[in-house]
Amino acid sequence: MKIERDFHMTNGDDEFSYAKNSMMQRKAILAAKPTVKEAISKVCTDLHPQSMVISDLGCSFGANTLLFVSDAITTIGENPNNTIGERPKEIQFFLNDLPGNDFNNIFQSLEQFEQSTTKNCTSRGLQPPPHYVVGLPGSFYTRLFPCNNVHLFHSSMSLMWLSQDPENLDGIMNEANIHIGLTTPPLVTKLYQNQFKKDFSRFLKMRCKEIVPGGRMVLTMLGRNSTDVFSAGGTTMAFELLSQGLQTLVAEDCVEKEKLDSFNLPLYCPSVDELKELVWQNELLDITDIRLFEINGNPNGGSDQSAEDAAAAPVIIHGAAAAEAAGKTISTSLRAVKEPLIASHFGESILDKLFAVFARYFTNCIESEVEKSPVPVITLSLQPKH
């Protein structure tokens, strides 16, 4: 499996697409919104840039991508330093993701987005600053910009993805698991931890070269609420049930056991302490804020949900019908993210059956519990040392 070639959210806008199934990711953006607004305001106030460069790393596509852009435009429009002399501040947005990302979806949405942004700002008595949006394909584990170029780096629900499968992880080392599961050996867990440390350290090193002095970074990712690597809440449960679904397909001769044993999701959910340690080791950045949210585990909900609602307590599921509906919704949301990786390794023919089995297992799991596990999410705000 080659991450840069095979990994992207499910493209298009059909029933299994990321564009139609990304409410959980939206909740994370809403929960981190106050931190993002504060970072943008600090850049405007401290640096007074005439032209401001903002990059969204791992931007994906759909409404969530443009939600961040809209929030940034509004925040800058509200800032008293929106003009330098008589000239309005200008903003250049660089939307970054791997080459397989559906950038066309973003570009095709821009005309309607501009109309909506203008209308929103006008209704609030604001003048939207001139802004320009471009796509930037490439891995954020490599250099993307010239030195001292970017005022704000933003990333949401992307940095838990590794640049590759953990080094030296192969064969049956993690037999029947696709991630860190209940039966995963400590050695495999250590390989995952080492790969995340290597990747996140590289990410910070690259960004430190590209950010302007006094710039900011706001990074939001799936995380853990304890040192226990098996404590990622709803994320852990989802991966366990997906592993069980693949084991069922092996038992039914729909998937070769060797195929399952050789498949490992390139993803790691860090703890707050792990992130603090890696920033400290970098030596070039200060943490201005770090927060752990427990995002509501139900991907349903209106698009106008507030940030407070986004980080609410777990949803209580009442009755078999509600549990079944939740199972189907969670299955579709997971498929929107994992389908390309699974299809590249196992083939597309298993997708419908696998996610139907997953939905059934998830339904059975939450029917037997009073409430669903929340999803831990960490937001990290950084600035270069003086």
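Just so it is clear, the model here is predicted, and its values are computed rather than measured. Starting from 1, each residue takes its place in the sequence as its number.
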Cluster check Val377, Ile287: I/L/V/M/F/W/Y, side chain < 4.5 angstrom: yes
Side chain Ser155, main chain Leu57, donor-acceptor under 3.5 Å: yes
Side-chain touch Ile40/Ile76, heavy atoms, less than 4.5 angstrom: yes
Audit row: Glu348, Leu351, side-chain contact (heavy atoms from CB on, under 4.5 Å) steps and yes/no: CA-CA 6 Å; Glu348 295 183 0; Leu351 292 173; 4.2 Å; yes
4.5 Å side-chain heavy-atom contact, Arg143 and Lys209: yes
Exercise: do Thr117 and Ser70 side chains pair donor with acceptor under 3.5 Å: no
Ring centres under 6.0 angstrom apart (Tyr132, Phe93): no
Heavy-atom check, side chain of Arg216 versus side chain of Leu382, under 4.5 Å: no
Any Asp71 side-chain heavy atom under 4.5 Å of Lys37 side chain: no
Within 6.0 Å of NZ in Lys190, more than 12 heavy atoms from elsewhere: no
Nearest-0.5 Å distance that lies between atom SG in Cys269 and atom CD1 in Ile378: 8.5 Å
Leu284 side chain reached by Lys385 side chain, heavy atoms, under 4.5 Å: no
Flag for Thr183-Asn177: side-chain donor and acceptor within less than 3.5 Å: yes
Spacing of CG belonging to Leu144 relative to CD belonging to Glu210, to within rounding of 0.5 Å: 5.5 Å
Phe263 and His345 aromatic ring geometry - parallel, tilted or perpendicular at 30°/60° bounds: tilted
Exercise: identify the closest heavy-atom pair between Cys59 and Thr65: O-OG1, 2.6 Å
Geometric class of the Phe68/His154 ring pair [parallel <30°, tilted 30-60°, perpendicular >60°]: parallel
Under 3.5 Å: donor-acceptor pair, side chain of Asn96, backbone of Pro137: no
Pairwise side-chain contact, Val279 with Asp286, heavy-atom cut-off 4.5 Å (strictly under): no
Distance-only side-chain donor-acceptor flag, Thr35 / Thr379, under 3.5 Å: no
Interatomic distance, Phe61 atom CZ to Phe103 atom CZ [nearest 0.5 angstrom]: 11.0 Å
Test side-chain contact (heavy atoms from CB on, under 4.5 Å) applied to Leu285 and Met217, step by step: CA-CA 10 Å; Leu285 295 162; Met217 295 187 219; 3.9 Å; yes
Donor-acceptor under 3.5 Å (Thr184 side chain, Gly181 main chain): yes
Polar contact flag, side-chain donor to acceptor under 3.5 angstrom, Glu167-Asn194: no
Heavy-atom pair with the smallest gap, counting every atom of Glu240 and Leu182: OE2-N, 3.5 Å
Under 3.5 Å side-chain donor-acceptor pair for Glu114 and His131: yes
Check: Gln112 main-chain N/O paired with Ser116 side-chain donor or acceptor under 3.5 Å: no
Ile172, CD1: over 12 other non-hydrogen atoms inside 6.0 angstrom: no
Closest contact, heavy atoms only, Tyr141 versus Leu159: OH-O, 3.7 Å
Donor on one side chain, acceptor on other, Asn264 and Asp165, under 3.5 Å: no
Val229 side chain reached by Gln193 side chain, heavy atoms, under 4.5 Å: yes
Salt bridge (Lys or Arg N to Asp or Glu O under 4.0 Å) evaluation trace for Asp228 with Arg224: CA-CA 8 Å; Asp228 180 5; Arg224 306 196 315 273; over 6 Å; no
Cluster check Ile211, Met206: I/L/V/M/F/W/Y, side chain < 4.5 angstrom: no
Under 3.5 Å, sequence neighbours excluded: what are the donor-acceptor pairs made by side chains of residues 242-250?
from: Ser243; atom 1: OG; to: Ile178; atom 2: N; distance (Å): 3.2
from: Ser243; atom 1: OG; to: Phe239; atom 2: O; distance (Å): 3.2
from: Gln247; atom 1: NE2; to: Ala176; atom 2: O; distance (Å): 2.8
from: Thr248; atom 1: OG1; to: Gln244; atom 2: O; distance (Å): 3.0
from: Thr248; atom 1: OG1; to: Tyr361; atom 2: OH; distance (Å): 2.5

Shared hydrophobic cluster for Val150 and Val134 (ILVMFWY, side-chain gaps under 4.5 Å): yes
Pair Arg291-Asp289, salt bridge (Lys or Arg N to Asp or Glu O under 4.0 Å): steps then yes or no: CA-CA 7 Å; Arg291 302 185 185 186; Asp289 192 17; 2.8 Å; yes
Point-to-point distance, once rounded to the nearest 0.5 Å, from OG of Ser262 to CD of Glu256: 9.5 Å
Leu204 reachable from Trp280 in the ILVMFWY side-chain graph, under 4.5 Å edges: no
Any side-chain donor near an acceptor of the partner, Tyr268 and Glu274, under 3.5 Å: yes
Crowding at CD, Gln281 (>12 non-hydrogen neighbours, <6.0 Å): yes
Shortest non-hydrogen separation from Cys44 to Lys89 and the atoms involved: SG-CE, 3.9 Å
Contacts of type side-chain hydrogen bond (donor to acceptor under 3.5 Å, both in side chains), residue Asn168, not counting sequence neighbours: none
Ser55 side-chain N/O to Phe94 backbone N/O, donor-acceptor pair under 3.5 Å: yes
Single-linkage hydrophobic cluster, 4.5 Å side-chain cutoff, Leu126 and Val36 together: no
Gap between atom CD1 of Ile29 and atom CE of Met157 - 0.5 Å precision: 9.0 Å
Lys/Arg cation over aromatic Phe362: Arg360, 6.0 Å, 45° cone: no
Check: Ser123 side chain, Asn120 main-chain N or O, donor-acceptor pair, under 3.5 Å: yes
4.5 Å side-chain heavy-atom contact, Ser139 and Leu98: yes
Considering all heavy atoms, the nearest Cys208-Asn282 contact: SG-OD1, 3.7 Å
Distance (rounded to the nearest 0.5 Å) between Leu265 CG and Trp161 CH2: 6.0 Å
His151 side chain vs Val53 backbone, donor-acceptor pair below 3.5 Å: yes
CD (Glu252) with more than 12 external heavy atoms under 6.0 Å: yes
Polar side-chain atom of Asn101 near backbone of Ser60 as donor-acceptor pair, under 3.5 Å: yes
Donor-acceptor contact present, side-chain Asp102 to main-chain Asn105, <3.5 Å: yes
Stepwise side-chain contact (heavy atoms from CB on, under 4.5 Å) check, Arg202 with Asp199: CA-CA 5 Å; Arg202 182 192 303 150; Asp199 284 344; 3.5 Å; yes
Closest non-hydrogen atom pair between Phe140 and Arg207, with its separation: O-NH1, 2.6 Å
